[in-house]
**Student:** 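Quick one: the structure is below, and I'll ask about it shortly.
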Amino acid sequence: MRFEGKAAVVTGGTRGLGFAIAKAFLAEGASVMCSARTAGDYQLLKEEYPDRCLFHPADVADPAAVEQLMAAAAESLSGLDVVVANAGVSRDGRIEQLAPHDWDAMVATNLTGTFLCTRAAVPHLRERGGVIINMSSSMASRIAVGAAGYSATKAAIEMFTRTSAIELGQYGIRVNALSPGILDAGMGGRLADNDRVWAAYRKRFALGRAGRVEEAAQAAVFLASDDASYVNGAILDVNGGLMWA
Ligand SMILES: NC(=O)c1ccc[n+]([C@@H]2O[C@H](COP(=O)([O-])OP(=O)(O)OC[C@H]3O[C@@H](n4cnc5c(N)ncnc54)[C@H](OP(=O)(O)O)[C@@H]3O)[C@@H](O)[C@H]2O)c1
């Protein structure tokens, strides 16, 4: 129970990887505010942890909504210790076919959403120090046809993470990012369920399988814990050993 008495916000905490991250923090004793535009599977967490799990709807691309989310979390949970900026979207498409509104959705959710979460969380986190975990992807540094927009946002998140760590260290706030490969739920699950696509990807993973979202969630718990008290500005790969031509 490494997070007893601690308060966490997990954006996109209603399904996929974010759901697993919220669940992992709850299992470690934290109180968790899950957020997304819709409640998704939140009720499952609420049933398991009725006293320590809350939901607050917010679009991470909306500055006012994100400020309200962090303020509501700090008020309901008596402060704020951990923010996991996990909400993200992926829209595939070769550059000449990628619709501008799909590009905008990725930039607004993944990149601007990450910035807005940090910006709104800092006034609350700096009261007693804290941790921010941003969500990158192995696609931040691997080239795949059709992933220009998604890859660009994730690469930008990694530099935003490093810069945030330098700026916020003075407040006792650590900032790191997780970089998962292909996981068995959410976006990765949709990919791994496609036999033809997965056959091509599978041989790239040294462990020969997709990761479980619970395995990536444990890496998030580690980064937020005191076990990682001197880890700052890092990008932690959770990809089972990824080889890429
Ligand atoms: N799963 C993987 O294999 C994998 C691998 C590498 C990186 N990642 C990263 O992990 C993160 C989570 O991905 P996932 O696979 O779990 O995806 P997912 O299953 O599609 O879940 C995405 C979550 O983000 C929320 N969300 C989307 N747009 C939002 C917005 N504008 N404002 C607030 N919440 C929003 C969704 O809820 P609503 O739609 O209701 O808002 C949902 O809760 C993403 O950043 C993704 O890039 C995932």
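We number each residue from 1, following the sequence as shown. First listed ligand is number 1; within each ligand, the first listed atom is number 1. The structure presented is a predicted model; accordingly, all values stated were derived computationally and were not measured.
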**Student:** Heavy-atom distance to atom 9 (C) of ligand 1: which of M135, M187, R15 wins?
**Tutor:**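 It is M135 that holds the nearest heavy atom.
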**Student:** What residue and heavy atom of the protein are closest to atom 16 (O) of ligand 1, and at what distance?
**Tutor:** L17 N, 2.8 Å
**Student:** In terms of the angle between their ring planes, are F205 and W198 parallel, tilted or perpendicular, with boundaries placed at 30° and 60°?
**Tutor:** tilted
**Student:** At under 4.0 Å between heavy atoms, which part of R190 makes contact with ligand 1: side chain, backbone, both or neither?
**Tutor:**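 Under 4.0 Å from ligand 1, R190 contributes side-chain atoms alone.
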**Student:** Measure the distance from atom 35 (C) of ligand 1 to every protein heavy atom, then report the residue, atom name and distance (to 0.1 Å) of the closest one.
**Tutor:** A87 CB, 3.7 Å
**Student:** How close do G233 and N176 get, counting heavy atoms only, and between which atoms?
**Tutor:**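 It is N-OD1, 3.0 Å.
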**Student:** Backbone, side chain, both or neither: what part of V89 comes under 4.0 angstrom of ligand 1, heavy atoms only?
**Tutor:** side chain
**Student:** Would you indicate which of G16, S137, G181, G188 comes nearest to atom 5 (C) of ligand 1 when only heavy atoms are counted?
**Tutor:** G181
**Student:** Would one find an N or O of P180, backbone or side chain, under 3.5 Å from an N or O of ligand 1?
**Tutor:** no
**Student:** Which bit of M139 is near ligand 1, meaning a heavy atom under 4.0 Å away: side chain, backbone, both or neither?
**Tutor:** neither
**Student:** Around atom CZ of R119, are there more than 12 heavy atoms of other residues, nucleotides or ligands at under 6.0 Å?
**Tutor:** no
**Student:** Considering only the protein, which heavy-atom contact is closest to atom 22 (C) of ligand 1, and what is its distance?
**Tutor:**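 Going atom by atom, the protein heavy atom closest to atom 22 (C) of ligand 1 ends up being G88 O, 3.8 Å.
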**Student:** Cation-pi between R15 and F19: NZ/CZ under 6.0 Å from ring centre and within 45° of the ring axis?
**Tutor:**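 No; the conditions do not both hold, so R15 does not lie above the ring face of F19.
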**Student:** Starting from atom 3 (O) of ligand 1, what is the nearest protein heavy atom, named by residue and atom, and what distance separates them?
**Tutor:** L183 N, 2.9 Å
**Student:** Nearest to atom 25 (C) of ligand 1, what protein heavy atom do you find, and at what distance?
**Tutor:**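 Looking at atom 25 (C) of ligand 1, the protein heavy atom closest to it is G12 CA, 3.7 Å.
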**Student:** Just heavy atoms, cut-off under 4.0 Å: does Y150 contact ligand 1 by side chain, backbone, both, or neither?
**Tutor:**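 Answer for Y150: side chain.
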**Student:** Under a 4.0 angstrom heavy-atom cut-off, which atoms of ligand 1 come close to A185?
**Tutor:**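 Those qualifying, in numeric order: 1 (N).
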**Student:** Can you give me the closest heavy-atom contact between V89 and A105, atom names plus distance?
**Tutor:** CG2-O, 3.6 Å
**Student:** Indicate yes or no: at least one non-hydrogen side-chain atom of M106 is less than 4.5 angstrom from one of L98.
**Tutor:**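 A side-chain contact exists here, since the closest heavy-atom pair is under 4.5 Å.
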**Student:** Nearest protein heavy atom to atom 7 (C) of ligand 1, by residue and atom, and its distance?
**Tutor:** S136 O, 3.4 Å
**Student:** For A216 versus L17, what's the shortest heavy-atom pair and its separation?
**Tutor:** CB-CD1, 3.7 Å
**Student:** Could you find the nearest protein heavy atom to atom 31 (N) of ligand 1 and give me its residue, atom name and distance?
**Tutor:**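 Result for atom 31 (N) of ligand 1: D59 OD1, 2.9 Å.
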**Student:** With a cut-off of 4.0 Å, which atoms of ligand 1 are near a heavy atom of N86?
**Tutor:**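 In order of numbering, the contacting atoms are 10 (O), 11 (C), 12 (C), 44 (C), 45 (O).
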**Student:** Do R162 and I235 have side chains that get closer than 4.5 Å, going by heavy atoms?
**Tutor:** yes
**Student:** Which side chain to side chain donor-acceptor pair (under 3.5 Å) pairs, counting each pair once, include a residue from residues 144-161, with sequence neighbours left out?
**Tutor:**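 Found N110-T153, N134-T161, S136-E158.
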**Student:** For the residue pair F160 and F115, does the interplanar ring angle fall in the parallel (under 30°), tilted (30 to 60°) or perpendicular (over 60°) class?
**Tutor:** perpendicular
**Student:** How far is atom 32 (N) of ligand 1 from its nearest protein heavy atom, and which residue and atom is that?
**Tutor:** V60 N, 3.0 Å
**Student:** Using a 4.0 Å cut-off to any heavy atom of A58, which atoms of ligand 1 qualify?
**Tutor:**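 Going through ligand 1 atom by atom, the ones under 4.0 Å from A58 are 32 (N), 33 (C).
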**Student:** Does even one non-hydrogen atom of T11 get within less than 4.0 Å of ligand 1?
**Tutor:** no
**Student:** What atoms of ligand 1 come closer than 4.0 angstrom to any heavy atom of T109?
**Tutor:**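 The list of qualifying atoms is 28 (N), 29 (C), 30 (C), 31 (N).
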**Student:** Got V32 and Y49 here, is their nearest side-chain heavy-atom distance under 4.5 Å?
**Tutor:**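 The answer is no; the side chains never approach within 4.5 Å.
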**Student:** I'd like to know if R2 and D226 make a salt bridge, using a cut-off of under 4.0 Å between side-chain N and carboxylate O.
**Tutor:** no
